[in-house]
Amino acid sequence: MVSKYVFVTGGVLSGLGKGVTAASIALLIKSMGYSVTAIKIDPYVNVDAGTMNPYMHGEVFVTEDGGETDLDIGHYERFLDVNLSKDNNITTGKIYSIVIEKERRGDFLGQTVQIIPHVTDEIKNQIELVARKYGSDVTVVEIGGTVGDIEGLPFLEAARQLRLERGPENVLFTHVVLVPRLSTSGELKTKPAQHSMQELRRIGIQPDVLVARSSTPLTDEARRKLSLFGNLPATHIFSNPDVEVIYEVPLKLHAQGLTKVLAERLRLDYVEPDLSLWARYVNKFVNSERRVRIAMVGKYTRLTDSYLSIVEALKHAGTSFGVRPELVWVEATEVEKGTLNVEDIAGSVEGAVILPGFGERGVEGKINAIRVFREAEIPVFGICFGLQLMVVEFARNVLGLSNAHTTEVDPETPHPVVDLLSSQRGTIVKGGTMRLGSIEVKLVPGTLAWRIYGGVGVVSERHRHRYQINPAYLKAFEENDFVVSGFSPEGFPEVMELKNRKFYLGVQYHPEFKSRPLRPSPIFTAFINALLDSRRS
Ligand code: GLN
């Protein structure tokens with residue numbers, strides 16, 4: 001079967017949940033028994049997401065092969081329950097660097113290298129490479145940004161060309177729009193969506209399917225207008241109102257007949273998808289009555305998408321126990337300024353997650369918060385920078401090593417308990433040079449970490465860091481019951497835990513990236529379990 005493509009574009013504004021729509025479409029096609037992969041196109045000039053502040057586009061999602069990708073890749077992995085690669089995230093930066101490299105090599109000798117056809121050809125080429133690599137029947141391609149953005153134009157043009165070359169039965173266009181509701185009249189307004197579809201038609205793309213995001217379900221009147229002005233049948237317009245949990249979206253779209261429309265338009269044999277496991281998960285989530293309050297200590301807390309995979313992993317683990325995590329965001333910079341009282345928070349939560357991060361801002365606030373939570377003896381779970389700062393806090397306040405620090409923040413510290421990885425010495429280039437991707441961790445038998453993973457000796461988890469815990473201080477830590485329960489292949493600490501505590505544990509890696517709704521991460525599951533236990537006791 002020739003590979004077919006579903007493009008997903010967005011109109012009116014960004015942040016509409018286009019990624020969830022794309023992931024849902026991919027899931028519905030997969031559930032009919034077809035092989036599916038998904039690509040995220042980000043029209044920015046960065047080669048990858050690794051060098052961007054999470055405030056720009058949310059978290060950086062790390063793939064098995066060490067790609068630093070857009071967070072939508074995380075949605076695709078969680079919905080499709082597959083591991084994707086860095087190739088599944090295409091950016092303007094990536095395309096241009098390939099085209100420029102080819103030009104320098106002389107591949108286009110004699111020609112004027114132009115956006116059309118050279119850049120658009122490379123876009124199609126990269127999309128097709130991914131389809132071929134996965135041998136997918138259908139490849140869902142989400143084009144980031146909003147229709148009308150200058151940056152997005154070459155990608156939309158490439159999509160238009162692909163439809164012309166492959167035919168409408170092999171290339172389908174889905175457009176996701178916002179249909180705002182006026183609070184005064186309660187009316188759903190379709191005008192911005194109409195303009196966005198007009199803009200798409202102006203560049204030669206007529207959407208086959210429209211997904212309307214709104215706070216309440218689409219009314220018949222709104223659907224009629226969208227159909228008339230959007231130039232597509234009302235049966236191809238799908239309502240995607242706000243939901244409690246994103247995993248409900250494929251169920252809602254399927255119930256309105258989207259799977260049938262996709263099969264029909266792509267000339268795929270329709271097979272009734274079995275979404276029962278999915279439906280059971282959503283039911284369990286929605287009906288989870290118990291709540292656990294978790295303090296989330298970080299410095300990007302004003303945009304919670306900065307920690308998307310961690311939030312999702314907590315929900316996955318919570319749902320497996322029928323509990324819903326209630327997150328209490330602790331902004332480290334406010335703790336530092338004294339405008340947020342951690343003691344009060346410690347008294348009202350069941351546990352705390354010390355979030356990953358980089359750099360100096362808010363660090364002293366995080367260290368203060370860790371001390372309070374450690375002394376309150378509630379479960380504490382540190383991830384990457386979170387573990388590193390748990391180590392700094394312990395060194396200062398338990399081992400009495402004043403001014404102990406990570407050299408990332410204080411290169412002159414007398415006690416560098418966290419220091420640059422030896423493999424990073426001499427690394428100057430910042431893009432894509434951290435210790436990245438899936439690497440093995442050797443667990444120490446008998447430890448909590450070892451029990452959490454079911455007593456297996458070696459596990460594989462994803463990484464993204466430049467610094468490590470300094471082995472020179474391990475003896476002092478271990479003598480004070482803060483022990484290493486997992487080592488890297490090179491022999492530096494990957495997991496540390498405080499003995500005789502239910503859960504005071506930190507990991508150098510990011511277990512959140514491998515958590516799936518129906519297969520939660522063991523370590524997140526153990527953390528939630530510890531929270532439930534501590535409440536019972
Ligand atoms: N900044 C730390 C390092 O580079 C931690 C990184 C992280 O939390 N992902 O090692």
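These figures come from a predicted structure and were not determined experimentally. Each ligand, and each atom within it, is numbered from 1 in the order the structure gives.
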Distance under 4.0 Å to a non-hydrogen atom of Pro356: what atoms of ligand 1 satisfy this? 8 (O)
Going by the order shown, which atoms of ligand 1 are within less than 4.0 Å of some heavy atom of Glu408? 1 (N), 2 (C), 3 (C)
Please determine if His465 has a nitrogen or oxygen closer than 3.5 Å to a nitrogen or oxygen of ligand 1. no
For atom 7 (C) of ligand 1, grab the closest protein heavy atom and report residue, atom and distance to one decimal in Å. Cys384 SG, 3.0 Å
Do any nitrogen or oxygen atoms of Phe385 lie less than 3.5 angstrom from nitrogen or oxygen atoms of ligand 1? yes
Validation row: Ile25, Val8 side chains within 4.5 angstrom (heavy atoms): yes
Aromatic ring proximity Phe7/Phe155, centre distance under 6.0 Å: no
Say whether Ser348 and Arg293, considering side chains only, have a donor N or O and an acceptor N or O under 3.5 Å apart. yes
Verify the ring-centre separation between Phe285 and Tyr247: is it less than 6.0 angstrom? no
Closest non-hydrogen protein atom to atom 5 (C) of ligand 1, residue and atom name please, with distance? Gly357 O, 3.3 Å
For His510, take its heavy atoms, then give the atoms of ligand 1 lying under 4.0 Å from any of them. 9 (N)
The protein heavy atom nearest to atom 3 (C) of ligand 1 is Arg466 N, 3.4 Å
Quick one about Glu461 and Tyr453 (side-chain donor to acceptor, distance below 3.5 Å, no hydrogens or angles considered), yes or no? yes
Centroid-centroid under 6.0 Å between Phe487 and Phe492 rings: no
Heteroatom distance test (Met434, ligand 1): nitrogen or oxygen, under 3.5 angstrom: no
Which residue owns the protein heavy atom closest to atom 10 (O) of ligand 1, what's the atom, and how far is it? Tyr467 N, 2.8 Å
Looking only at N/O atoms, are Arg464 and ligand 1 under 3.5 Å apart anywhere? yes
Note: Glu244-Arg324 ion pair, threshold 4.0 Å (strictly below): yes
Any Lys/Arg nitrogen of Arg462 or Glu77 sitting under 4.0 Å from an Asp/Glu carboxylate oxygen of the other? yes
